[in-house]
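Encoded as structure tokens, the structure appears first; notes follow it.
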Amino acid sequence: MVRVRYAPSPTGHIHVGNARTAIFNYLYARHEAGTFLMRLDDTDLERSTEENIDSMLEDIRWLGVDWDEGYLKGGDYGPYRETERKPLYDTYIRQLLDEDKAYRCFCTKGDVEEDRRKADEEHRAYRYTGRCAHLSQTDVAARLANGDPYVVRLRIPAEDVVVHDLIRGEVTFKAEEFDDFVIARQNGIPIYNYATVVDDALMHITHIIRAEEHLSNTPRQVFIYRALGFDVPQFAHVSLILAPDHSKLSKRHGAVSVGDYRLEGYLPEALVNYLVLLGWSPKDDREFFTVDELVKEFTLEGVGKSGAVFDKRKLTWMNHMYLGRKPAADIAAILRRDFAKLYEETFGDTPEGSVLTAIDLTKGNAQVLPDLFALARNVVCQEVTIQDEKSRELVTAPEGKQVLGYLVEHYGDVPFGLGDEAMSHWVEGLRDVVPLPPKKLYHPIRVALFGAKDGPEIVKLFLALEPSVILRRLERALAL
RNA sequence: GCCCUCGUAGUCUAAUGGUUAGGACACGGCCCUUUCAAGGCUGCGAUAGGAGUCCGAUUCUCCUCGAGGGCACCA
């Protein structure tokens, strides 16, 4: 039975890299009909505020990633917040100490700094000297009685570690690269590598799918698994997501968190689809996937090894495609929820039906959700705002005057209320009565009705807008 | 400095010890069309470099270079 986990440090909105890791874990669990659990790595008390936890959860839910067990859901292996698991960590520290697989180190921070400096001077890598590795029982007892502070270090055996990585194959680390590292601080709080291992082992995690930055720490974790007598799980280290300059993707590059993209008006299905394709590829050439399809297709064999640059343009293209296919009612709901202020400003108390029509007319031209407001407002508002100078020139040009003049004069001929076909026919027929090339003929009409030369089809505009509104817009454009 | 990982076009990627190295974004052209978008066709553009094994390497091996990550009483 496959059990995987996502263990974020809830420090706010989720970085897209972490989001992808969560998605991979989720997809893998679903594909294997296993269990996906979520655990909070909240030992960074400063940043793991309730507010930050909420932001994280909001993002993960927005993405559509749900978990079976863990934080807020419960399960047989809780608690699922590291801050609540201290007794467990203590138990195993005691076990390691009792079995002499770990030892108390009374070296002060000053001692360690001194050693480190010396190593630097002699141009060798710093390793803990082992000063406290073989203190006698009585020494230890005496110093304990004296109240001397200590950290706990793991004894590292002189054996190489081979990490079997499902993505990278066998990765070998030599024993001499490691020293007896600290697993519990002076204040008794365990360090990350140790806590994660205890948690993953106790929660029976079978596959650890995480970012590549953890690969170098994996041998340390393996030492801990072995010392504790736990089975070592399977590892799969996924490459990092890079910024266009190939550095680590961070805030200075603009939007980096799931929350950022939501705010900018990307759809979760587009973000998920895009993110999955960053590092994973299917067996065929398909690019668009529903979550169900991803669950069906996703395998770790399809995950690549190299780092991937986050290309916002492709994401935007993908979002554009998703937007064009999404039902107007669904889009409207998101607009009202996530862009309430803009929605109010643009649509006010416009009837729902008109809003939906406007969205339907314009969604194919929007890249991100907020684009819709600028596009749709000219369908819904009384007055049209001409978008650009070029468009304006089209209505003020002689041909523009000619076309609009004709329409105003023959306004009574417009077949309102007679259906699509009649309207379509009439629009086509304009070519016979106004002898202009198609572009010259239709562009001014679109500018007059919609405010821009590019946008919805003329036929659709005539069908969607109120006849009185159409007349007024034509007249106003003519008067420019 | 030491260790680890990675290296196919500007970007995401596919594939193979042997075809014209395939698809997508971006960019250019054409078609369709009342415009844009979408769709169809098409162009530009890649196996980092060097050795070696082999009849033949982008694929396997080694070196170099480049990029990224890790080496904490951070996570």
Side-chain angles (χ1 to χ4, degrees), chain A residues 7-9 11 41-44 47-48 82 105 107-109 112 116 119-120 123-127 149-153 163 165 167-169 171-174 176-179 181-193 195-196 211-220 237 239-240 242 244-248 274 277-288 302 304-318 320-321 324-325 362-367 391 394 427-428 430-431 437-443 445-447 450 452-459:
Chain A
S9 291
T11 55
D41 229 336
D42 59 346
T43 47
D44 183 342
R47 297 197 294 161
S48 299
E82 289 197 338
C105 168
C107 295
T108 63
K109 280 187 184 169
V112 171
R116 196 167 263 136
D120 248 25
H123 298 290
R124 30 179 196 92
Y126 164 77
R127 298 272 134 74
Y150 62 88
V151 298
V152 177
R153 289 182 185 271
V163 174
D165 191 285
I167 294 171
R168 274 147 227 288
V171 184
T172 307
F173 296 87
K174 300 216 172 47
E176 58 264 30
E177 284 157 30
F178 304 97
D179 62 359
F181 59 88
V182 176
I183 56 176
R185 302 174 173 91
Q186 265 180 15
N187 60 12
I189 295 178
I191 66 139
Y192 167 79
N193 278 328
T196 313
E212 191 191 355
E213 55 187 318
H214 294 283
L215 181 56
S216 296
N217 276 322
T218 304
R220 271 172 257 273
H237 287 94
S239 297
L240 266 25
L242 275 20
D245 63 359
H246 286 83
S247 66
K248 209 169 163 178
Y274 176 72
L277 254 25
L278 223 47
W280 174 82
S281 60
K283 293 196 176 69
D284 50 34
D285 280 338
R286 273 183 302 163
E287 290 215 291
F288 285 89
K305 298 177 178 183
S306 51
V309 171
F310 191 95
D311 182 7
K312 196 170 178 177
R313 283 179 308 184
K314 186 155 183 177
L315 199 216
T316 304
W317 164 76
M318 202 160 241
H320 167 67
M321 300 301 280
R325 296 176 203 172
T362 54
K363 65 181 185 181
N365 286 78
Q367 309 280 306
S391 297
L394 285 168
V427 168
E428 293 283 334
L430 284 175
R431 289 193 226 180
K439 276 196 190 184
K440 300 256 186 204
L441 169 60
Y442 292 112
H443 268 158
I445 304 177
R446 188 175 291 104
V447 174
F450 182 66
K453 68 182 174 62
D454 300 326
E457 287 170 37
I458 304 289
V459 177

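Being a predicted model, the structure only gives us computed values, none of them experimental. The chains referred to below are lettered A, B, ... by the order of the sequence lines, with proteins before strands, and numbering in each begins at 1.
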Looking at every strand, decide which applies to A:Phe173 at a 4.0 Å heavy-atom threshold: base, sugar-phosphate, or nothing. sugar-phosphate
Classify the nucleic acid contact of A:His320 as base, sugar-phosphate or nothing, counting any heavy atom under 4.0 Å across all strands shown. sugar-phosphate
Minimum side-chain heavy-atom gap A:Thr196-A:His214 below 4.5 Å: no
Separation of A:Phe310 atom CZ from B:rG10 atom C1', in whole Å? 17 Å
Rounded to whole Å, please give me the gap between CD in A:Glu212 and P in B:rG7. 10 Å
For B:rG28 and B:rG10, measure between their C1' atoms and round to the nearest Å. 15 Å
From the options B:rU13, B:rC36, B:rA38, select the nucleotide whose nearest atom is closest to the side chain of A:Trp317. B:rA38
Counting any heavy atom closer than 4.0 Å, what does A:Gln186 reach on the DNA or RNA strands: base, sugar-phosphate only, or nothing? base
Among the candidates B:rG68, B:rA38, B:rA75, find the nucleotide nearest to the side-chain atoms of A:His214. B:rA75
Give A:Lys248 one of three labels, base, sugar-phosphate or nothing, depending on what nucleic acid heavy atoms sit under 4.0 Å from its own. sugar-phosphate
For B:rA46, which nucleotide is its Watson-Crick or G-U wobble mate, given both distances must be under 3.5 Å? none
Could you check whether A:Gly279 gets within reach of a base, just the sugar-phosphate, or nothing at all, counting any heavy atom under 4.0 Å? sugar-phosphate
With P as the reference atom in both, quote the distance from B:rG39 to B:rA21 in angstrom, rounded to an integer. 27 Å
Heavy-atom side-chain proximity of A:Tyr274 to A:Lys312 below 4.5 angstrom: no
Under 4.0 angstrom, heavy atoms only, what part of the nucleic acid is A:Met318 near: base, sugar-phosphate, or nothing? nothing
Which residue, A:Lys314 or A:Tyr442, contacts RNA chain B at a nucleotide closer to its 5' end, judged by nearest heavy atom? A:Lys314
Is there a Watson-Crick or G-U wobble partner for B:rA24 with both distances under 3.5 Å, and which nucleotide is it? B:rU11
Base, sugar-phosphate, or nothing for A:Gly455, non-hydrogen atoms under 4.0 angstrom? base
Any side-chain N or O of A:Ser281 below 4.0 angstrom from OP1/OP2 of B:rA14? yes
Given atom NZ of A:Lys174 and atom P of B:rG70, what is their separation to the nearest angstrom? 21 Å
Indicate, with a heavy-atom threshold strictly under 4.0 Å, whether A:Cys105 touches base, sugar-phosphate, or nothing. nothing
Which value, in whole Å, describes the distance between the P atoms of nucleotides B:rC12 and B:rA48? 14 Å
What contact category does A:Val182 fall into here, base, sugar-phosphate, or nothing, at under 4.0 angstrom with non-hydrogen atoms? sugar-phosphate
Heavy atoms from C-beta onward define the side chain here; which of B:rA24, B:rG70, B:rA75 lies closest to that of A:Ser216? B:rG70
Rounding to an integer number of angstrom, what distance separates B:rA46 and B:rA26 when you compare their C1' atoms? 16 Å
Should A:Arg116 be listed as having a side-chain N or O under 4.0 Å from OP1 or OP2 of B:rA72? yes
A:Leu278 has its side chain closest, among B:rC12, B:rC73, B:rU35, to B:rC12
Under a 4.5 Å cut-off applied to non-hydrogen side-chain atoms, are A:Phe173 and A:Thr218 in contact? no
Paired with B:rG52 by Watson-Crick or G-U wobble geometry, both distances under 3.5 Å: which nucleotide is it? B:rC60
How close do A:Leu278 and A:Ala308 get, heavy atom to heavy atom, and via which atoms? CG-CB, 3.8 Å
Nearest-nucleotide pick for A:Arg220, side chain only, options being B:rA75, B:rC71, B:rA24: B:rC71
For B:rU8 versus B:rA14, give the span between their C1' atoms, rounded off to a whole number of Å. 10 Å
Separation of the C1' atoms in B:rA51 and B:rU42, to the nearest angstrom: 40 Å
Just the rounded figure in Å: distance from P of B:rA24 to CG of A:Leu315. 19 Å
Could you tell me whether A:Ser306 contacts a base, only the sugar-phosphate backbone, or nothing, with contacts defined as non-hydrogen atoms closer than 4.0 Å? sugar-phosphate
Assigned partner base of B:rG1, Watson-Crick or wobble definition, under 3.5 Å: B:rC71
From B:rU34, B:rA75, B:rG69, pick the nucleotide closest to the side chain of A:Ile191? B:rA75
Just N and O in the side chain of A:Asn217: are any of them under 4.0 Å from OP1 or OP2 of B:rC71? yes
With distance as the sole criterion, do the side chain of A:Asp311 and the base of B:rC12 form a donor-acceptor contact below 3.5 Å? no
For A:Glu213 and B:rU5, what is the distance between atoms CD and P respectively, to the nearest whole Å? 17 Å
Give a yes or no on whether the backbone of A:Ala366 and the side-chain of A:His320 come within a donor-acceptor separation of less than 3.5 Å. yes
Euclidean distance, atom CG of residue A:Leu215 to atom C1' of B:rG68 [Å, nearest integer]: 12 Å
Base, sugar-phosphate or nothing for A:Pro456? Non-hydrogen atoms, less than 4.0 Å. base
Whole-Å distance, A:Leu242 CG to B:rG7 C1', equals 12 Å
Of the nucleotides B:rU34, B:rU13, B:rU5, which one has an atom closest to the side chain of A:Arg168? B:rU5
With a 3.5 Å distance limit and no angle check, can you tell me whether A:Asp165 reaches the backbone of A:His237 through a side-chain donor-acceptor pair? yes
Are the side chain of A:Arg446 and the backbone N or O of A:Glu457 linked by a donor-acceptor pair below 3.5 Å? no
Within the 4.0 Å heavy-atom criterion, would you say A:Val112 contacts the bases, only the backbone, or no part of the nucleic acid? nothing
Closest nucleotide among B:rU35, B:rC4, B:rC73 to the A:Val171 side chain: B:rC4
For the pair made of CD1 in A:Ile458 and P in B:rU35, what is the distance, rounded to whole Å? 10 Å
Does A:Arg168 use its side chain to pair, donor to acceptor, with the backbone of A:Val163 at less than 3.5 Å? no
A:Arg313 near the nucleic acid: base, sugar-phosphate alone, or nothing, with a heavy-atom cut-off under 4.0 Å? base
Atom P, compared across B:rU53 and B:rU58: separation rounded to whole Å: 15 Å
Check whether any side-chain heavy atom of A:Met321 sits under 4.5 Å from a side-chain heavy atom of A:Glu287, and report yes or no. no
Select from A:Thr108 and A:Leu240 the residue whose nearest nucleotide in RNA chain B is closer to the 5' end of that strand. A:Leu240
N/O (side chain, A:Arg431) to phosphate O (OP1/OP2, B:rU34) under 4.0 Å: yes
Students often get this wrong, so: under 4.0 angstrom with heavy atoms, is A:Lys305 touching a base, only sugar-phosphate, or nothing? sugar-phosphate
Mind checking whether A:Leu277 and A:Met318 have side chains closer than 4.5 Å, heavy atoms only? yes
Which whole number of Å gives the distance between the C1' atom of B:rG56 and that of B:rU16? 13 Å
